[in-house]
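Data first, discussion second: the structure below is written as structure tokens.
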Amino acid sequence: MPAAQDVTHPFEPVFDEQSQVLVLGTMPSPRSRKEGFYYAHPRNRFWRVIAQLFDEPLARTNEERIDQLLRHHIALWDVLASCRIAGAKDASIRDAVPNDLARIMDAAPVAAVFCTGTAAAQAYRRFSEPKTGIACVQLPSTSPANAAMGLDALVDAYRPLAAAAAASEAPLLDVPDVVRLEQAIANAGTPLSTLMDRAGAWIAHRAIARIEALRDDAKEPTETNKTSETTGTNETNDRSCPHPSDEPRAGHDGARRRACDASKIVVLCGNGNNGGDGWVAARILADAGLPVSVICAKEPHDLRAQPARNAAIEALTALEEHGARVLVSPDPAALESELESAAVIIDAILGTGFSGGSVAAPFDAWIEAAVRARNAGAFIIAADVPSGLSAQTGRAVRPCIKADETVTMLAMKPGLSTPFAFAWAGTVRIGAIAYVEPLLERMACEDNAPATGKDGKPDFAGSRGKKTPGKPLHAKAGDEDRAGAADDQADHAEESRRRDIGAEEPRRSRTRTEQTANPSAVCSALRQDPFARAEQEDDDGYDPYSDRPPMPEPVFQRDPWA
Ligand SMILES: NC(=O)C1=CN([C@@H]2O[C@H](COP(=O)(O)OP(=O)(O)OC[C@H]3O[C@@H](n4cnc5c(N)ncnc54)[C@H](O)[C@@H]3O)[C@@H](O)[C@H]2O)[C@@H](O)CC1
Ligand SMILES: [K+]
């Protein structure tokens with residue numbers, strides 16, 4: 001038993017004014033104090049529980065951990081400010097002095113408190129609850145000392161935390177605004193290379209989830225699996241709406257059997273930063289011990305896009321160490337044979353940088369081969385946007401990837417929200433690679449800054465040193481129609497909301513500037529999806545045409561079923 005020592009809490013709480021839930025331990029362990037962050041012992045499962053709880057990649061750095069908590073509106077601190085303790089033994093705590101939780105409670109709308117263990121809950125009840133007036137929920141400890149409790153059981157026990165910690169919906173942003181947001185993130189200290197690492201981690205996370213689902217399917221058939229095999233439907237797909245691929249795909253079960261043998265993942269990497277996401281994913285998958293291969297058009301050293309070039313060079317070294325195959329400009333036969341044995345294909349060919357009315361060689365042939373492999377049972381995960389689909393307009397050229405799942409980074413894109421987008425994108429998930437809410441608010445404030453000062457000259461005061469006057473968050477310069485459509489959509493949303501709740505028209509309607517100035521208003525206006533229904537309406541199924549609001553038609557491509 002280590003000797004008792006006097007310990008003072010050595011680091012700051014994690015919280016902001018959006019925090020709704022507070023998680024408290026007793027006092028950081030010696031290992032956490034050494035590492036300078038909460039739950040830092042490699043065998044402490046706190047961060048793994050949080051990742052699994054929200055179905056996200058494991059946060060690897062303290063910055064990612066803070067981001068992850070804040071995105072989910074979780075504050076993190078400990079009950080004690082100082083105490084005498086032997087090692088990490090909570091039972092040995094003496095002379096406890098509590099932290100002043102008012103620091104968080106006065107700044108944030110915290111409505112629920114969770115304590116990570118018995119001692120933390122006891123200390124909270126004794127010192128803090130009389131002041132906060134909030135009873136705590138006691139959770140099991142994630143420390144190695146509680147090894148009797150497995151990870152799955154811990155995750156289950158922590159579910160009330162996930163339920164209380166509702167994250168805000170991801171915004172819908174025009175592609176130029178996504179670029180602007182990326183720049184704001186970089187200015188705030190997270191470089192694009194880090195964002196690319198996180199994007200790759202999200203894609204790898206989803207690929208691993210798919211491989212695990214295939215492995216589960218391959219185990220003893222359950223009643224559900226038996227039903228699935230008789231009907232030929234894809235039970236593991238969580239798409240909530242019909243998909244052209246829902247017709248039985250030849251060889252689908254074959255793909256499952258093949259995956260049991262190999263779990264093979266093929267990553268198709270284009271020459272831009274979308275390809276960079278693919279290289280990072282390939283590296284992570286290879287490091288995780290999965291059989292992965294990369295198909296690319298250029299040697300990493302010949303790439304020009306940054307940070308894709310550096311990411312590809314780093315990935316290549318790792319892939320070579322793992323003995324993974326890297327095929328540079330393969331001939332059609334080699335391309336076909338690599339793809340036809342894949343259980344999962346990652347499409348990182350083209351992302352938001354795709355332009356033009358067709359896909360140039362060799363990527364057109366890659367897309368066609370990938371779609372053939374999908375028809376034979378492979379599962380395609382698109383990075384950011386399916387290659388061949390415009391992230392802005394939703395127009396799909398021929399050929400276009402048909403993904404089962406798309407992991408789109410940072411924000412929803414208009415091209416993924418059109419009525420036919422799911423034909424190409426499948427299930428769309430947001431790769432939450434940064435905590436963007438405060439940045440969106442700041443961007444909206446900049447946009448709201450007056451364009452001219454008192455002297456009639458441009459006023460740059462609100463634009464954080466940027467030498468361009470702010471522009472509305474979602475309106476592109478010279479794109480009055482789109483801005484007008486967004487405003488009309490917002491007006492329509494407001495009108496139908498009033499109709500639904502029987503409210504009278506407000507005396508003074510909000511101006512367009514006000515609407516575009518508030519990120520949540522802007523985002524919710526643009527988030528109005530064309531399938532939205534009145535809440536009280538009895539929704540008996542999917543029918544995109546039954547009640548589409550009379551709003552300007554979104555831009556979308558030809559009906560793919562016509
Ligand atoms: N939004 C974000 O925050 C982040 C974005 N990242 C990734 O970066 C991507 C954007 O990267 P880039 O701007 O480099 O663009 P892309 O990589 O999407 O596309 C550019 C490449 O595609 C080629 N290309 C364009 N049109 C073509 C056509 N019709 N036929 C054939 N080739 C064509 C270009 O020559 C160029 O090589 C995003 O889609 C995303 O995947 C992430 O890495 C980092 C974070
Ligand atoms: K892609």
Side-chain angles (χ1 to χ4, degrees), residues 67 170-171 173-188 190-204 206 267-281 283 295-298 302-312 315 345-367 370-371 380-392 395-413 415-416 421 424-426 428 430-436 439-440:
D67 248 42
L173 294 180
D174 281 342
V175 171
D177 285 328
V178 174
V179 175
R180 207 174 145 215
L181 181 58
E182 259 176 61
Q183 202 50 57
I185 297 170
N187 292 343
T190 305
L192 289 182
S193 55
T194 302
L195 287 185
M196 182 171 282
D197 277 347
R198 295 180 188 173
W202 265 91
I203 295 158
R206 292 308 307 159
V267 189
L268 296 165
C269 294
N271 295 334
N273 287 314
N274 192 250
D277 293 355
W279 280 101
V280 173
R283 168 173 59 75
I295 295 176
C296 56
K298 285 184 180 177
D302 295 334
L303 292 173
R304 283 207 302 262
Q306 280 290 23
R309 182 172 185 271
N310 289 350
I345 296 170
I346 292 173
D347 156 36
I349 306 172
L350 302 162
T352 52
F354 164 67
S355 61
S358 63
V359 175
F363 304 121
D364 51 350
W366 292 15
I367 292 172
V371 172
I380 298 187
I381 300 173
D384 212 19
V385 58
S387 298
L389 184 89
S390 160
Q392 182 59 37
R395 176 171 178 256
V397 302
R398 282 177 195 275
C400 181
I401 282 284
K402 278 191 165 199
D404 294 276
E405 184 172 318
T406 295
V407 184
T408 196
M409 304 308 157
L410 280 178
M412 192 64 181
K413 321 289 180 322
L416 294 171
W424 314 105
V428 178
I430 305 292
I433 56 177
Y435 177 44
V436 296
L439 295 171
L440 286 171

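One-based numbering, in listed order, for ligands and for the atoms of each. The first residue of the sequence shown is numbered 1, and numbering continues consecutively from there.
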Any salt bridge linking Asp197 with Arg283? Criterion: basic side-chain nitrogen under 4.0 Å from a carboxylate oxygen. yes

Answer yes when Arg198 and Asp67 have at least one side-chain N-carboxylate O distance shorter than 4.0 Å, and no when they do not. yes

Metal site angle (apex the K ion (ligand 2)), O from Leu350 and OG from Ser387, 10 degrees: 70°

Going from OG1 on Thr194 to CD1 on Ile433, what distance comes out if it is rounded to the nearest 0.5 angstrom? 10.0 Å

The K ion (ligand 2) to nearest N/O/S of [X] less than 3.4 Å:
| X | value |
| --- | --- |
| Pro386 | no |
| Asp347 | yes |
| Ala383 | yes |
| Thr406 | no |

What short N/O contacts, under 3.5 Å, does ligand 1 make with the protein, listed by atom pair and distance?
{"unit_1": "ligand 1", "atom_1": "1 (N)", "unit_2": "Glu182", "atom_2": "OE2", "d": "2.7"}
{"unit_1": "ligand 1", "atom_1": "3 (O)", "unit_2": "Glu182", "atom_2": "OE2", "d": "3.4"}
{"unit_1": "ligand 1", "atom_1": "14 (O)", "unit_2": "Asn273", "atom_2": "N", "d": "2.9"}
{"unit_1": "ligand 1", "atom_1": "14 (O)", "unit_2": "Asn273", "atom_2": "ND2", "d": "3.3"}
{"unit_1": "ligand 1", "atom_1": "15 (O)", "unit_2": "Gly353", "atom_2": "N", "d": "3.4"}
{"unit_1": "ligand 1", "atom_1": "17 (O)", "unit_2": "Asn273", "atom_2": "N", "d": "3.1"}
{"unit_1": "ligand 1", "atom_1": "17 (O)", "unit_2": "Asn274", "atom_2": "N", "d": "3.0"}
{"unit_1": "ligand 1", "atom_1": "18 (O)", "unit_2": "Gly351", "atom_2": "N", "d": "2.6"}
{"unit_1": "ligand 1", "atom_1": "18 (O)", "unit_2": "Thr352", "atom_2": "N", "d": "3.3"}
{"unit_1": "ligand 1", "atom_1": "18 (O)", "unit_2": "Gly353", "atom_2": "N", "d": "2.9"}
{"unit_1": "ligand 1", "atom_1": "26 (N)", "unit_2": "Ser355", "atom_2": "N", "d": "3.1"}
{"unit_1": "ligand 1", "atom_1": "26 (N)", "unit_2": "Ser355", "atom_2": "O", "d": "3.4"}
{"unit_1": "ligand 1", "atom_1": "29 (N)", "unit_2": "Ser355", "atom_2": "O", "d": "2.7"}
{"unit_1": "ligand 1", "atom_1": "29 (N)", "unit_2": "Ser358", "atom_2": "O", "d": "2.8"}
{"unit_1": "ligand 1", "atom_1": "30 (N)", "unit_2": "Ala360", "atom_2": "N", "d": "2.9"}
{"unit_1": "ligand 1", "atom_1": "39 (O)", "unit_2": "Thr352", "atom_2": "N", "d": "2.9"}
{"unit_1": "ligand 1", "atom_1": "39 (O)", "unit_2": "Thr352", "atom_2": "OG1", "d": "3.3"}
{"unit_1": "ligand 1", "atom_1": "39 (O)", "unit_2": "Asp384", "atom_2": "OD2", "d": "2.6"}
{"unit_1": "ligand 1", "atom_1": "41 (O)", "unit_2": "Asn274", "atom_2": "ND2", "d": "2.8"}
{"unit_1": "ligand 1", "atom_1": "41 (O)", "unit_2": "Asp277", "atom_2": "OD2", "d": "2.6"}
{"unit_1": "ligand 1", "atom_1": "43 (O)", "unit_2": "Asp277", "atom_2": "OD1", "d": "2.3"}

Sequence neighbours left out, what passes side chain to side chain donor-acceptor pair (under 3.5 Å) with Thr190? Give chain and number order. Glu63

Considering only heavy atoms from C-beta outward, does the side chain of Leu389 approach that of Leu416 to under 4.5 Å? yes

Restricting to non-hydrogen atoms, name the atom on Val371 and the atom on Cys400 that form the minimum distance, rounded to 0.1 Å. CG2-O, 3.8 Å

Which atom names give the shortest non-hydrogen contact between Ala308 and Asn273, and what distance separates them? N-OD1, 3.0 Å

For the residue pair Thr352 / Lys413, report whether a side-chain donor-acceptor contact shorter than 3.5 Å exists. no

